Amino acid sequence: MCGIVGAVTSRQAQAILLAGLHRLEYRGYDSAGMAIVGENGIERRRTVGNVQELDDALMAAPLAGVTGIAHTRWATHGVPAVSNAHPHVAGDGRIALVHNGIIENYERLREELKQGGCRFESDTDSEVIAHLLDECLRRNPEMELRDAVREAARRLEGAFALAVISANDPSRIVAMRVGSPLVVGLGIGENFVASDVPALRPVTDRFLILEEGDLVELTAAGITVWDFQDETAVRTTLRITTDTGDADRGNYRHYMHKEIHEQPQTVRDALEGRVGRARVLEPAFGVNASAVLDGTRAVTIAACGTSYYTGCVARYWIEELAGIPCNVEIASEFRYRKFVVPDGSLFVTISQSGETADTLAALRIAQETGFEHSLTLCNVPVSSLVRESELAFMLHAGTEVAVASTKATTAQFVALMLLTILLARRAGLTAEREAELVAALRQLPEVVAQALALEPRIRALAEQFMDCHHALFLGRGLQYPVALEGALKLKEISYIHAEGYPAGELKHGPLALVDDDMPVVAVAPGNELVEKVRANLEEVRSRSGRLYVFADADSGIVEGEGVTVVEVPRVHELLAPIVYTIPLQLLAYHTAVLKGTDADRPRNLAKSVTVE
Ligand code: G6P
């Protein structure tokens with residue numbers, strides 16, 4: 001997705017900015033650009049395609065100057081084109097701006113600005129900000145750039161991170177973040193700003209992480225931060241010496257363990273820039289998302305493995321909130337069967353790798369057989385699924401190394417809930433209900449962190465699983481796919497045979513297996529189905545089964561002879577699958593560690609299954 005780099009230094013800024021852009025390439029983008037303020041004012045270069053194209057353009061015609069901003073753009077408003085690439089300029093080229101995020105009220109602002117005589121060069125929401133700034137500065141030529149940014153920002157709704165330069169003052173960059181990430185890099189006699197740390201690692205290891213609503217002014221000599229109330233603020237400085245960030249195992253014994261623990265942050269990252277104060281920001285799903293979603297009357301999801309199970313949860317969400325049919329298919333089955341395409345069908349693929357052969361084949365078949373539109377929810381921007389789908393939503397979970405997916409899974413859940421809300425909005429979801437869901441999503445990183453705090457308890461439980469040969473996982477409703485995923489995780493990495501079942505199916509088969517050797521795991525938040533689940537658990541208990549129940553305080557399920565209860569933090573009922581997935585990941589992980597299997601690279605399995 002979009003990336004920002006800015007530098008104010010005493011050496012030529014171009015090389016620093018280009019190196020930063022190259023390091024942001026992993027996020028995915030479709031065009032790139034740079035503006036530098038030099039002796040002749042602001043000059044810029046913009047290209048469509050790889051950063052290398054920009055590199056070549058700059059090689060042919062370099063930009064001279066010590067202060068500049070640069071950007072990689074992932075189209076949300078307006079197609080990938082040079083005219084839509086950042087930086088955007090205003091005021092006869094006296095201001096240049098780069099922006100990440102989405103401005104929700106840009107159409108209204110654009111109309112107002114047009115009526116005031118403003119001419120737009122692009123179809124982007126971002127250009128509106130440049131013109132707003134220019135308007136402020138025209139009205140009050142004495143105004144400081146930072147005050148203009150503050151004033152313009154007051155009129156913006158949505159999520160944004162931005163960096164601005166002005167020909168009137170080549171010695172500074174003003175940047176601000178509201179709902180999109182931004183970090184400041186501290187140098188000696190130079191300072192930098194970027195949308196994430198890796199972009200600046202070649203030039204510094206000292207970072208200042210800006211907080212929500214912070215405005216910052218950078219000169220080569222120093223930086224000043226103002227908080228949301230316009231008071232000067234002090235932010236702590238961090239030393240970050242790792243280079244590759246998420247591909248580094250750090251102090252963890254396994255990548256899987258590290259990736260499980262990254263989930264508060266990856267859930268936050270999946271949301272960042274995609275939700276406003278009380279709404280999901282629609283263009284997060286791409287330039288044509290609104291038109292595609294307007295025409296969507298049915299959804300078919302195709303995926304494999306864990307991604308298939310996240311899709312199974314989305315079926316409950318979409319049918320309940322949006323009231324349209326949602327069909328979830330195992331990609332390897334879908335590709336070889338005859339199917340009916342419901343009118344107005346959106347074909348959704350879910351994939352951490354973006355290269356799973358069966359999922360890719362399913363997409364291609366869907367495109368040939370009358371599905372009108374396609375969307376992929378994917379963690380790898382430069383992947384086949386992203387390239388071949390009409391719309392793409394990047395999960396932003398960072399590199400996932402362990403074969404068994406964890407942080408990409410929870411990011412998939414977030415993406416699917418955002419999609420559900422957008423579809424539900426068209427089916428009459430009220431603004432209040434949407435605000436309630438957005439608030440619950442915003443709290444999710446905190447609840448995920450609380451779920452991770454259950455680790456010592458779960459590590460101890462794993463000792464009771466390590467010698468088992470079989471395990472049964474039960475859930476109902478939204479928790480049924482969670483049970484399937486819990487069983488998959490355990491079997492993948494600890495090689496214990498595990499099966500997930502809807503709890504109501506117990507007496508149609510699996511109950512025959514229950515004895516005092518068979519651990520039965522149940523996921524049972526205190527929702528409307530909990531009484532039914534309790535009845536199912538009684539069936540297990542009365543056959544001397546060993547029950548391990550993951551439940552919240554509302555479930556009314558209590559520990560007793562043969563029943564172990566792990567209390568999971570309370571969360572909005574619809575988001576419970578995301579939170580209950582976490583302890584099951586930990587259970588699988590610690591069981592594998594105790595058994596001595598390779599949690600990161602389980603035998604016979606691959607991270608990216610590119611063959612049928
Ligand atoms: C493999 C991986 C799983 C993953 C599945 C689907 O089996 O080991 O972790 O869930 O493929 O992969 P995808 O990349 O399409 O999500």
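This chain uses plain numbering: 1 for the first residue, then up along the sequence. Every value quoted in this text rests on a predicted model; they were computed, and no experiment measured them. Each ligand, and each atom within it, is numbered from 1 in the order the structure gives.
For the salt bridge (Lys or Arg N to Asp or Glu O under 4.0 Å) test, residues two or more places apart in sequence or in another chain that qualify with R433 are E436.
For E272 and R268, the salt-bridge test fails: no basic side-chain N is under 4.0 Å from an acidic carboxylate O.
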Within the protein, flag every N or O under 3.5 Å from an N or O of ligand 1, and note the pair and distance.
residue, atom, partner, partner atom, Å
ligand 1, 8 (O), V403, O, 3.2
ligand 1, 8 (O), A606, O, 3.0
ligand 1, 9 (O), V403, O, 2.9
ligand 1, 9 (O), S405, N, 3.4
ligand 1, 10 (O), T306, N, 3.1
ligand 1, 12 (O), T356, OG1, 3.3
ligand 1, 14 (O), S351, OG, 3.1
ligand 1, 14 (O), Q352, N, 3.3
ligand 1, 14 (O), Q352, NE2, 2.9
ligand 1, 14 (O), S353, N, 2.8
ligand 1, 14 (O), S353, OG, 2.6
ligand 1, 14 (O), T356, OG1, 3.2
ligand 1, 15 (O), S351, OG, 2.7
ligand 1, 15 (O), T356, OG1, 2.5
ligand 1, 16 (O), S307, OG, 2.5
ligand 1, 16 (O), Q352, N, 2.7

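Residue pairs satisfying the side chain to side chain donor-acceptor pair (under 3.5 Å) criterion with at least one member in residues 583-594, sequence neighbours excluded, are listed as follows: H254-Y589, Q263-Q585, E455-H590. For the side chain to side chain donor-acceptor pair (under 3.5 Å) condition, the pairs that include at least one residue of residues 458-467, sequence neighbours left out, are Q464-Y548.
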- [ ] Would you sort out whether R426 and E282 count as a salt bridge (Lys or Arg N to Asp or Glu O under 4.0 Å), showing the intermediate values?
- [x] CA-CA 12 Å; R426 288 160 168 84; E282 193 147 311; 2.5 Å; yes

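Using the six-membered ring where Trp is involved, F334 and F339 have ring planes that are parallel, under 30° apart on the 30 and 60° scheme.
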